[in-house]
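Down below is the structure, laid out as structure tokens.
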Amino acid sequence: MSRSRPSASSKPTSKPNGLTNAYLCFYNTASALLRIWILVRVSILWRVQGNAAVWADLNLIARWTETLTAIEVVHAITGLVRAAPATTALQVAGRNTIIWAITRNYPDVAARETAYSLMLMAWNAADAVRYLYFALQTGTGRVPSFLLWLRYNLFIVLYPIGILSEARLVYQVISPSKARNELYQYLLWFGLAIYVPAFYFLYGHMLAQRAKLGRPNNKKAL
């Protein structure tokens with residue numbers, strides 16, 4: 001599932017020590033720079049050469065970038081950040097299922113479907129904002145108001161784009177999946193059915209996080 005969320009996945013727990021803050025600041029800064037690079041690269045390739053070029057050039061780095069986010073589940077479980085482990089795990093697992101089980105196993109579908117490029121742009125635009133937000137928060141304790149606004153509003157558009165793009169890719173591999181295993185198509189249909197309640201749960205979670213923005217003690221903008 002898309003992770004265009006305003007959750008606290010990289011937000012330190014209360015009263016973090018200096019080493020924890022330094023680590024989280026480094027992690028979020030590095031992640032933000034990587035996501036910005038991927039977003040820019042996808043946008044340029046898609047505009048100039050098309051979706052097939054995006055797949056050929058970026059599928060490997062996109063796959064491993066998402067795989068490495070599994071460390072955020074560890075952050076949540078160990079209490080390094082203030083985030084729900086179950087929600088974080090669901091979001092990380094959802095993306096990795098798309099990257100490993102869908103696009104990796106059916107590269108022809110990923111190469112021809114514009115949904116692949118749209119998905120990467122939605123994922124990385126949302127995550128660039130999220131990581132940059134947390135990098136500044138852990139590094140300085142304050143966040144510019146424009147970044148705060150982007151973090152709590154951009155997902156309203158990006159999350160549906162990401163979800164619909166993922167669902168499109170899953171749907172498109174149903175037919176070719178029959179050549180691998182007749183039963184696999186039913187698993188894919190089941191996966192598509194799960195998108196409805198999962199969207200409701202995760203989008204509702206994000207809207208609830210956004211609602212907290214109105215509370216005075218949550219406004220730490222410059």
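Quick caveat: nothing in here was measured; it's all calculated off a predicted structure.
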Which atom names give the shortest non-hydrogen contact between [X] and [Y], and what distance separates them?
{"X": "A111", "Y": "N51", "result": "O-ND2, 2.8 Å"}
{"X": "V42", "Y": "V54", "result": "O-CG2, 3.9 Å"}
{"X": "A83", "Y": "A76", "result": "O-CB, 3.8 Å"}
{"X": "S165", "Y": "A115", "result": "CB-O, 3.3 Å"}
{"X": "G139", "Y": "C25", "result": "CA-SG, 3.8 Å"}
{"X": "P144", "Y": "L136", "result": "CD-CD1, 3.6 Å"}

With rounding to the nearest 0.5 Å, note down the distance linking [atom1] in [X] to [atom2] in [Y].
{"X": "F155", "Y": "I161", "atom1": "CZ", "atom2": "CD1", "result": "13.5 Å"}
{"X": "I156", "Y": "L207", "atom1": "CD1", "atom2": "CG", "result": "6.5 Å"}
{"X": "I38", "Y": "R35", "atom1": "CD1", "atom2": "CZ", "result": "6.0 Å"}
{"X": "R168", "Y": "Q172", "atom1": "CZ", "atom2": "CD", "result": "4.0 Å"}
{"X": "E66", "Y": "W123", "atom1": "CD", "atom2": "CH2", "result": "5.0 Å"}
{"X": "Y23", "Y": "F26", "atom1": "OH", "atom2": "CZ", "result": "9.0 Å"}

Heavy-atom side-chain contact between [X] and [Y] under 4.5 Å:
{"X": "T103", "Y": "V109", "value": "no"}
{"X": "Y27", "Y": "I71", "value": "yes"}
{"X": "L24", "Y": "F134", "value": "no"}
{"X": "D127", "Y": "L39", "value": "no"}

Does any N or O in the side chain of [X] come within less than 3.5 Å of the main-chain N or O of [Y], such that one atom is a donor and the other an acceptor?
{"X": "N28", "Y": "L132", "answer": "no"}
{"X": "Q185", "Y": "E182", "answer": "yes"}
{"X": "N153", "Y": "L148", "answer": "no"}
{"X": "T78", "Y": "H75", "answer": "yes"}

Run the ring-ring contact (aromatic ring centres under 6.0 Å, His included) test against [X] and tell me which residues pass, sequence neighbours left out.
{"X": "W55", "answer": "Y116"}
{"X": "Y186", "answer": "none"}
{"X": "W37", "answer": "none"}

Residues which pass salt bridge (Lys or Arg N to Asp or Glu O under 4.0 Å) with D108, listed by chain and number, not counting sequence neighbours
none

Residues that R63 engages under salt bridge (Lys or Arg N to Asp or Glu O under 4.0 Å), provided they are two or more places apart:
none

Could you list the cluster mates of L164? Members are the ILVMFWY residues connected by side-chain heavy atoms closer than 4.5 Å, either directly or through other members.
none

Which hydrophobic side chains are connected to I44, either touching it within the sub-4.5 Å cutoff or through other members that do?
I36, V40, V48

Taking only residues two or more places apart in sequence, or in another chain, which ones meet L187 in a side chain to side chain contact (heavy atoms under 4.5 Å, CB included)?
Y184

Side chain to side chain contact (heavy atoms under 4.5 Å, CB included) involving L33 - partner list, sequence neighbours excluded
T29

Stepwise side chain to side chain contact (heavy atoms under 4.5 Å, CB included) test for W64 and I99
CA-CA 9 Å; W64 286 105; I99 288 294; over 6 Å; no

For residues 44-61, which residue pairs pass the salt bridge (Lys or Arg N to Asp or Glu O under 4.0 Å) check, not counting sequence neighbours?
R41-D57

Hey, quick one: are [X] and [Y] part of the same hydrophobic cluster, counting side-chain heavy atoms closer than 4.5 Å, chains of contacts allowed?
{"X": "M119", "Y": "L68", "result": "no"}
{"X": "Y195", "Y": "V157", "result": "yes"}
{"X": "L60", "Y": "L120", "result": "yes"}
{"X": "Y133", "Y": "F146", "result": "yes"}
{"X": "W149", "Y": "V143", "result": "yes"}

Taking the six-membered ring for Trp and the single ring otherwise, decide whether the centroids of Y203 and F199 are under 6.0 Å apart.
yes

Residue list, side-chain hydrogen bond (donor to acceptor under 3.5 Å, both in side chains) with Q49, at least two apart or on another chain
none

Counterpart residues, side-chain hydrogen bond (donor to acceptor under 3.5 Å, both in side chains), relative to T67 (two or more places apart)
N96, W100

Taking R95 first and then E72, would you say they form a salt bridge - that is, a charged N and a carboxylate O separated by under 4.0 Å?
no

How far apart are the C-alpha atoms of R151 and L154, what are their side-chain angles, what is the distance that settles it, and do they pass the side chain to side chain contact (heavy atoms under 4.5 Å, CB included) test?
CA-CA 6 Å; R151 173 167 162 71; L154 203 58; over 6 Å; no

Does Y106 form a side chain to side chain contact (heavy atoms under 4.5 Å, CB included) with S177? I'd like the steps, not just the answer.
CA-CA 8 Å; Y106 301 92; S177 74; 3.4 Å; yes

Hey, mind stepping through I61 and L34 against side chain to side chain contact (heavy atoms under 4.5 Å, CB included) and telling me if it holds?
CA-CA 10 Å; I61 189 169; L34 176 59; 4.1 Å; yes

